[in-house]
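Here's the structure, in structure tokens; my notes come after.
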Amino acid sequence: MTIPLITTKSEEIFAAAQKIMPGGVNSPVRAFKSVGGQPIIFDRVKGAYAWDVDGNQYIDYVGSWGPAICGHAHPDVINALKAALEKGTSFGAPCLLENILAEMVIDAVPSVEMVRFVNSGTEACLSVLRLMRAFTGRDKLIKFEGCYHGHGDMFLVKAGSGVATLGLPDSPGVPKAVTSTTLTAPYNDLEAVKQLFNENPGEIAGVILEPIVGNAGFIPPDGGFLEGLRVLTRENGALLVFDEVMTGFRIAYGGVQEKFGVIPDLTTLGKVIGGGLPVGAYGGRRDIMSMVAPAGPMYQAGTLSGNPLAMTAGIKTLELLQKPGTYEYLDKITKKLSNGLLQIAKETGHAACGGQISGMFGLFFTSGPVHNYEDAKKSDLAKFSRFHRGMLERGIYLAPSQFEAGFTSLAHTDEDIDQTLAVAREVMSSL
Ligand SMILES: *Cc1c(COP(=O)(O)O)cnc(C)c1O
């Protein structure tokens with residue numbers, strides 16, 4: 001790897017892309033805006049690695065934002081997809097593969113008694129909110145600052161100042177009327193949630209959260225937080241919804257709910273269950289899911305939902321994850337990475353905090369501790385940008401934002417971690 005990195009082809013392609021697609025990308029974070037500099041155009045991925053169009057190789061800790069938990073382009077997944085491809089890409093009619101993946105999800109995720117497949121995490125969250133409202137006959141929802149639930153209008157709410165305020169839209173184009181029913185609270189703040197329930201008696205359909213946050217950087221729940229939400233929602237006749245789009249099949253096979261033993265009423269899934277193809281899902285209690293059309297009156301549909309290719313990639317990926325030792329391995333290598341990064345930061349004199357659970361990790365350039373989005377925002381973002389660029393130039397591909405978690409995979413080896421830490425030492429020493 002040459003420093004500075006030679007990225008001539010990436011630069012040409014991205015320049016052309018900016019003229020024909022907004023910001024040159026189809027999802028904003030990919031444009032590297034928050035770290036600055038040139039985004040890398042990938043050519044191919046395999047195992048723990050990615051190669052760009054200029055031929056540079058990277059150890060990849062983004063993993064397509066989570067789905068690549070078995071390693072990119074796992075041969076078993078590729079072979080299963082090749083076989084499925086021969087039978088056609090989309091039926092628009094029921095297929096057996098849907099039953100198989102549905103049974104796997106129901107067996108794995110404690111809260112899920114019935115499931116509906118959709119095409120993205122965004123779609124899963126939009127649908128689950130409609131279902132929360134349909135089932136309870138209430139309109140308001142509580143979400144947490146810094147938690148991401150896809151780009152649906154009613155989730156695009158930044159927290160107002162103070163403990164908890166009525167939501168104001170985060171993006172132009174989102175009507176105030178839509179977000180006026182979205183209430184927000186700081187993550188890990190049970191008192192704020194209690195107050196919202198008290199101020200809105202009988203009006204709150206439910207609480208939705210990332211049970212471990214990944215979209216504000218990596219923030220785990222404080223002891224008792226999830227349990228407290230379970231009690232509060234029950235007391236107030238509201239539903240508890242875990243958005244496990246990121247954490248499902250990653251933190252443990254059965255997600256955070258299995259790991260921590262707190263069982264929500266409904267769960268959203270995505271990322272890993274699609275094995276790299278576009279899949280989302282929502283599921284939960286049978287009495288609630290029975291409201292979904294055509295079993296019940298709540299409408300939700302999808303032309304490509306449950307398509308045979310996506311189901312195949314999901315089934316194969318979950319099968320691979322079932323092998324004994326999967327989550328122990330992810331935890332082991334990710335702990336080594338996370339502890340190593342913290343140690344190096346300490347030795348090189350940088351304030352930092354962070355942690356990991358299973359194959360998900362984070363590092364903030366602040367002394368911490370980080371319990372919520374406000375804490376996360378105290379990070380030294382300029383330093384993170386320099387760190388990110390330094391790592392990239394030396395062949396380590398990290399998420400291009402301080403406010404994103406990192407991901408490892410079963411394909412990451414001890415040597416990959418050693419190499420990453422050696423590079424991190426070099427970069428942090430030069431910051
Ligand atoms: C990624 C993500 C989503 C959105 O999923 P998309 O497939 O990008 O629409 C929703 N919730 C969480 C927790 C996520 O991490």
Side-chain angles (χ1 to χ4, degrees), residues 25-31 61-69 109 111 116-132 141-157 170-171 182 184 187 206-221 226 229 240-252 255-257 259 264 266-284 300 302 304-307 310 313-314 317 357-362 372-373 376 399-407:
V25 291
N26 286 300
S27 198
V29 71
R30 297 179 197 168
Y61 291 103
V62 178
S64 187
W65 302 94
I69 190 167
V109 186
S111 66
R116 165 64 57 88
F117 292 113
V118 293
N119 304 289
S120 69
T122 292
E123 231 189 292
C125 294
L126 287 171
S127 307
V128 93
L129 176 57
R130 186 177 305 142
L131 181 56
M132 289 159 74
L141 93 144
I142 297 175
K143 78 174 281 287
F144 294 92
E145 296 167 22
C147 279
Y148 182 64
H149 305 294
H151 65 81
D153 280 356
M154 50 287 185
F155 296 119
L156 287 184
V157 179
D170 215 4
S171 162
T182 306
T184 58
Y187 198 77
V207 176
I208 187 168
L209 76 157
E210 295 178 63
I212 293 173
V213 183
N215 286 291
F218 172 82
I219 308 176
L226 300 178
L229 292 177
L240 180 62
V241 183
F242 281 4
D243 178 354
E244 297 228 43
V245 169
M246 185 181 283
T247 54
F249 297 95
R250 173 164 288 278
I251 290 302
V256 177
Q257 51 198 276
K259 179 102 184 161
L266 293 165
T267 298
T268 54
L269 295 162
K271 298 193 168 109
V272 172
I273 57 158
L277 270 77
V279 183
Y282 62 104
Q300 187 273 311
L304 294 174
S305 294
N307 80 81
T317 299
I357 301 178
S358 182
M360 183 170 165
F361 68 93
N372 56 39
Y373 190 39
S401 165
Q402 173 76 97
F403 303 112
E404 300 284 354
F407 303 111

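Atoms within a ligand are numbered from 1 in the order they appear, just like the ligands themselves. Remember, predicted model here, so these are calculated numbers, not experimental data.
Contact annotation for atom 11 (N) of ligand 1: protein present (non-hydrogen atoms, distance under 4.0 Å).
Paired with Phe117 under the rule side chain to side chain contact (heavy atoms under 4.5 Å, CB included), one option of Leu269, Val279, Leu304, Asn307 passes, and it is Val279.
Taking any N or O of Glu123, backbone or side chain, none lies under 3.5 Å from an N or O belonging to ligand 1. Between Gly121 and ligand 1, an N or O atom pair is found at a separation short of 3.5 Å. For ligand 1, the polar-atom distance check finds no N/O of Glu210 at less than 3.5 Å from any of the ligand's N/O atoms.
Using a 3.5 Å distance cut-off with no hydrogens or angles, the side chains of Gln257 and Ser111 do pair a donor with an acceptor. Side-chain N/O atoms of Asn372 and Glu145 include no donor and acceptor closer than 3.5 Å. There is no side-chain donor-acceptor pair under 3.5 Å between Ser401 and Glu404.
Atoms of ligand 1 lying under 4.0 Å from at least one heavy atom of His149, given by number and element, are 10 (C), 11 (N). Close contacts of ligand 1 with Asp243, meaning ligand atoms under 4.0 Å from a residue heavy atom, involve 10 (C), 11 (N), 12 (C), 13 (C). Every atom of ligand 1 is numbered from 1 in the order shown, and the set under 4.0 Å from a heavy atom of Ser120 is 7 (O), 9 (O). Taking a cut-off of under 4.0 Å to the non-hydrogen atoms of Met246, the atoms of ligand 1 that pass are 15 (O).
How far NZ of Lys271 is from OG1 of Thr317: 15.0 Å, rounded to the nearest 0.5 Å. Leu229 CG to Ile142 CD1: the interatomic distance, rounded to the nearest 0.5 Å, is 8.5 Å.
Aromatic ring centres of Phe403 and Tyr373 lie closer together than 6.0 Å.
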Residue pair Tyr282, Gln300: steps toward the side-chain hydrogen bond (donor to acceptor under 3.5 Å, both in side chains) verdict | CA-CA 11 Å; Tyr282 62 104; Gln300 187 273 311; 2.8 Å; yes
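Ligand 1 is approached by Lys271 to a heavy-atom distance shorter than 4.0 Å.
Here Asn215 has side-chain heavy atoms under 4.0 Å from ligand 1, and that is the only part of it that gets that close.
The option with the heavy atom closest to atom 9 (O) of ligand 1, from among Leu209, Leu269, Thr122, is Thr122.
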